[in-house]
Amino acid sequence: MTLQECYQSLEGDFDDVLGRLRSEKLVQKFVLKFLNDKSYELLCSSLEAENYEEAFRASHTIKGVCQNLSFTKLYQSSHQLTEALRNGLSPEAPGLAEQVKKDYEQTVAAIRKLQEESA
């Protein structure tokens, strides 16, 4: 799998991130580092513990990382969740959290495939 195919699989914008970081090697470095980011785990544990302030911060971090890496699909769902958690738990937050979970799993699966085929 090429880096561009990875971006297609996770529904991101490869041209946008390449324009920002200017090097496929640098893009790949940061894409692979995404697997080590603990923000998603923090989001899940914070939602489970009903700590919505911490969940907001975690979703906001995910949103920012996804925006910088042009992970468009995950950026969009994490942005919606961030706004739903901005002032505590809103009624739509649980459904949005499920969408973030699906998009996160899609993103991580694509990155892991890239990692395996690049090794």
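One-based numbering along the sequence shown.
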Query raised in the report: Is there a side-chain contact between Leu18 and Arg22, using heavy atoms and a 4.5 Å cut-off?
Result: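 Result no, sub-4.5 Å side-chain heavy-atom pair not found.
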Query raised in the report: Side chains of Phe56 and Asn87: does their closest heavy-atom pair fall under 4.5 Å?
Result: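 Of all side-chain heavy-atom pairs linking Asn87 with Phe56, none is under 4.5 Å.
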Query raised in the report: Which pairs with one or both residues in residues 109-119 pass side-chain hydrogen bond (donor to acceptor under 3.5 Å, both in side chains), sequence neighbours excluded?
Result: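 Output for this query lists Gln28-Ser118.
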For the atom pair [atom1] ([X]) and [atom2] ([Y]), what is the distance rounded to the nearest 0.5 Å?
| X | Y | atom1 | atom2 | value |
| --- | --- | --- | --- | --- |
| Asp15 | Ser70 | CG | OG | 9.5 Å |
| Phe71 | Gln106 | CZ | CD | 11.5 Å |
| Cys44 | Glu41 | SG | CD | 7.0 Å |

Query raised in the report: With sequence neighbours excluded, what pairs up with Ser45 under the side-chain contact (heavy atoms from CB on, under 4.5 Å) test?
Result: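 Once residues adjacent in sequence are excluded, the partners of Ser45 under the side-chain contact (heavy atoms from CB on, under 4.5 Å) criterion are Leu42.
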Query - Partner residues of Leu47 under the side-chain contact (heavy atoms from CB on, under 4.5 Å) criterion, sequence neighbours left out - result: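 Only Leu43, Tyr52, Ala55, Leu85, Ala97 meet the side-chain contact (heavy atoms from CB on, under 4.5 Å) criterion with Leu47.
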Report the residues that fulfil salt bridge (charged side-chain N to carboxylate O under 4.0 Å, His left out) with [X], sequence neighbours left out, ordered by chain and then residue number.
| X | answer |
| --- | --- |
| Glu53 | Arg57 |
| Asp13 | none |
| Glu11 | Lys73 |

**Report entry** Tyr40: ring pair (Phe, Tyr, Trp, His ring centres under 6.0 Å) partners, not counting sequence neighbours
**Finding:**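 Tyr40 satisfies ring pair (Phe, Tyr, Trp, His ring centres under 6.0 Å) with Tyr104 only.
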Query raised in the report: Excluding sequence neighbours, so at least two apart, what forms ring pair (Phe, Tyr, Trp, His ring centres under 6.0 Å) with Tyr75?
Result: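 With sequence neighbours excluded, Tyr75 shows a ring pair (Phe, Tyr, Trp, His ring centres under 6.0 Å) to His79, given in chain and number order.
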Query raised in the report: Are any side-chain N or O atoms of Ser59 and backbone N or O atoms of Ser78, one a donor and one an acceptor, separated by less than 3.5 Å?
Result: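 Checking the backbone N and O of Ser78 against the side chain of Ser59, no donor-acceptor pair under 3.5 Å is found.
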**Report entry** Backbone of Leu3 reached by a side-chain donor or acceptor of Glu24 within 3.5 Å
**Finding:**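 No: the side chain of Glu24 does not pair with the backbone of Leu3.
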For a quick test of reading the model, state the closest non-hydrogen atom pair linking [X] to [Y] and the distance between them.
| X | Y | result |
| --- | --- | --- |
| Glu5 | Thr2 | OE1-N, 2.8 Å |
| Leu74 | Val100 | CD1-O, 3.8 Å |
| Tyr7 | Leu69 | OH-O, 2.6 Å |

Among all residues two or more places apart in sequence or in another chain, which pass the side-chain hydrogen bond (donor to acceptor under 3.5 Å, both in side chains) test with [X]?
| X | answer |
| --- | --- |
| Glu92 | Ser90 |
| Ser39 | Asp37 |
| Glu83 | Arg86 |
| Ser77 | Asp103 |

